[in-house]
Student: 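Can you read through this structure? Questions will come right after.
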Amino acid sequence: EAGVTQFPSHSVIEKGQTVTLRCDPISGHDNLYWYRRVMGKEIKFLLHFVKESKQDESGMPNNRFLAERTGGTYSTLKVQPAELEDSGVYFCASSQVSSAIGTQYFGPGTRLLVL
Amino acid sequence: GDSVTQMEGPVTLSEEAFLTINCTYTATGYPSLFWYVQYPGEGLQLLLKATKADDKGSNKGFEATYRKETTSFHLEKGSVQVSDSAVYFCALSEGGSYIPTFGRGTSLIVHP
C-alpha cells in the first residue's frame, strides 16, 4: 500500500512568488491534515479536511495560505505571495477516520525555502 | 496552553551507547503522549505512545514511561544503532483531539 506522498520534496523561491504544494493521501483516507515546522521549531497544525470539506482551519497563519481538496482526493496548499517567514517543512498526513495523531500517517514533507 | 519541551540536539552517540532524550510537558488535562521518529527522507512515524499515567510505551527497543508527577515522557534505548539516526519528536494530544502539540524535535546521530 502506498503511503502519503508529497510533491515537490524541495522548493526554493523568491519572496513574493507563489508556490503550490501537493499532498496525495493514502487511498481511501477521508481525513487529510496539513502541518508546518518552521525553522527547527515545533510542528504546528494548519488545517484538516474531511473529504473535500475544511473541518478545521484554525491553524492557518494568514490569508496568504489557501488549501484545497477538490474531489476529496489529493490536496494542494498554495502560498501567495510567499514571505521569508514561510520557510520550513510542510507535512501532510492522512487517516481513515478523524482521530488523534497516533493513527495519522505522515508524508515526508516538502522543504520550502523563501529567499 | 499545552506545550512540549524537548532537549536540544543534536545528540551524538557511538553505536551501542545508552540513549535518553528528555521530554516534559504542560497540559491542562490528562493528555496522551507520543514519540514520533523521522528517518532521513521519510515521513513522521509513530514510535510509541502512552495514554495514562505510569503506562510504558515500547517499540523497536525504545521505551518511554508516562510520569504524571514529573510531567515527563523521556525516551530511552539501551543500545543504539547507526540505523537509529533520525529526528525524534515528543508530542501530546488531549481528549482524543487530532490537533497535537509537538516539541521541537531532537536530532540523534549515531556513529559506528
Side-chain angles (χ1 to χ4, degrees), chain A residues 1-10 21-26 29-50 54-61 88-111, chain B residues 1-11 23-27 29-52 55 57-59 64 66 73 86-108:
Chain A
E1 176 183 278
V4 176
T5 57
Q6 294 187 244
F7 182 83
S9 59
H10 296 80
L21 313 181
R22 173 170 169 148
C23 169
D24 286 77
I26 292 173
H29 282 194
D30 288 340
N31 293 270
L32 187 149
Y33 314 81
W34 283 99
Y35 297 85
R36 177 173 75 166
R37 185 187 187 206
V38 174
M39 294 188 66
K41 295 190 176 180
E42 298 86 353
I43 299 172
K44 296 281 194 182
F45 167 82
L46 296 178
L47 86 160
H48 170 212
F49 282 99
V50 177
K54 292 176 186 175
Q55 184 77 10
D56 181 348
E57 51 184 331
S58 60
M60 294 288 265
V89 182
Y90 290 77
F91 293 100
C92 176
S94 71
S95 67
Q96 203 160 19
V97 295
S98 295
S99 61
I101 57 167
T103 53
Q104 293 178 17
Y105 294 85
F106 282 79
T110 293
R111 284 149 184 80
Chain B
D2 295 350
S3 67
V4 174
T5 302
Q6 292 181 235
M7 60 190 294
E8 293 280 335
V11 173
C23 171
T24 57
Y25 68 90
T26 303
Y30 300 96
S32 294
L33 302 174
F34 306 85
W35 275 101
Y36 266 79
V37 58
Q38 185 182 21
Y39 298 104
E42 299 183 15
L44 289 165
Q45 301 173 26
L46 179 65
L47 181 59
L48 53 85
K49 66 179 181 181
T51 57
K52 62 182 188 296
D55 269 2
S58 61
N59 186 25
Y66 189 141
F73 193 55
V87 181
Y88 293 81
F89 293 90
C90 185
L92 68 82
S93 69
E94 290 208 66
S97 168
Y98 56 79
I99 302 178
T101 299
F102 283 95
R104 294 192 173 197
T106 302
S107 175
L108 171 66

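Scope of the values below: all heavy atoms of this structure, side chains included, with no hydrogens, waters or symmetry mates. From a predicted model like this one, the values you see are computed outputs, not experimental measurements. Each chain gets a letter, A, B and so on, in the order its sequence line appears, and its residues count up from 1.
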Student: Answer yes or no: are there more than 12 heavy-atom neighbours, outside Tyr39(B) itself, under 6.0 Å from its atom OH?
Tutor: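 More than 12 within 6.0 Å, yes.
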Student: Determine whether more than 12 heavy atoms belonging to other residues, nucleotides or ligands lie under 6.0 Å from atom NZ of Lys52(B).
Tutor: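 For Lys52(B), atom NZ is not crowded (no more than 12 foreign heavy atoms under 6.0 Å).
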Student: Taking all non-hydrogen atoms of both residues into account, name the closest pair between Arg104(B) and Arg37(A) and its distance.
Tutor: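 Nearest pair, atom of Arg104(B) first, then Arg37(A): O-NH2, 2.6 Å.
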Student: With a 4.5 angstrom heavy-atom cut-off, could you sort out which part of Gln38(B) is near chain A: side chain, backbone, both or neither?
Tutor: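 The answer is the side chain of Gln38(B).
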Student: Any idea which heavy atoms bring Tyr36(B) and Gln104(A) closest together, and the distance?
Tutor: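 That closest heavy-atom pairing would be OH-O, 3.7 Å.
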Student: Compare every heavy atom of Pro108(A) with every heavy atom of Gly41(B), then report the nearest pair and how far apart it is.
Tutor: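 Answer, listing the atom of Gly41(B) first, then Pro108(A): O-CB, 3.7 Å.
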Student: So how far is it from Ile99(B) CD1 to Leu46(A) CG, rounded to the nearest 0.5 Å?
Tutor: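 Ile99(B) CD1 to Leu46(A) CG: 11.0 Å, rounded to 0.5 Å.
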Student: Report the residues that fulfil side-chain contact (heavy atoms from CB on, under 4.5 Å) with Val50(A), sequence neighbours left out, ordered by chain and then residue number.
Tutor: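 Testing Val50(A) for side-chain contact (heavy atoms from CB on, under 4.5 Å), a comparison that skips the adjacent residues, returns Asn31(A), His48(A), Gln55(A), Ser98(A).
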Student: Would you compute the distance between atom CZ of Phe45(A) and atom OG1 of Thr101(B) and round it to the nearest 0.5 angstrom?
Tutor: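 If we round to the nearest 0.5 Å, Phe45(A):CZ and Thr101(B):OG1 are 11.5 Å apart.
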Student: So with a 6.0 Å cut-off around CD of Glu8(B), is the heavy-atom count from everything else above 12?
Tutor: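 It does not: Glu8(B) CD has 12 such atoms or fewer within range.
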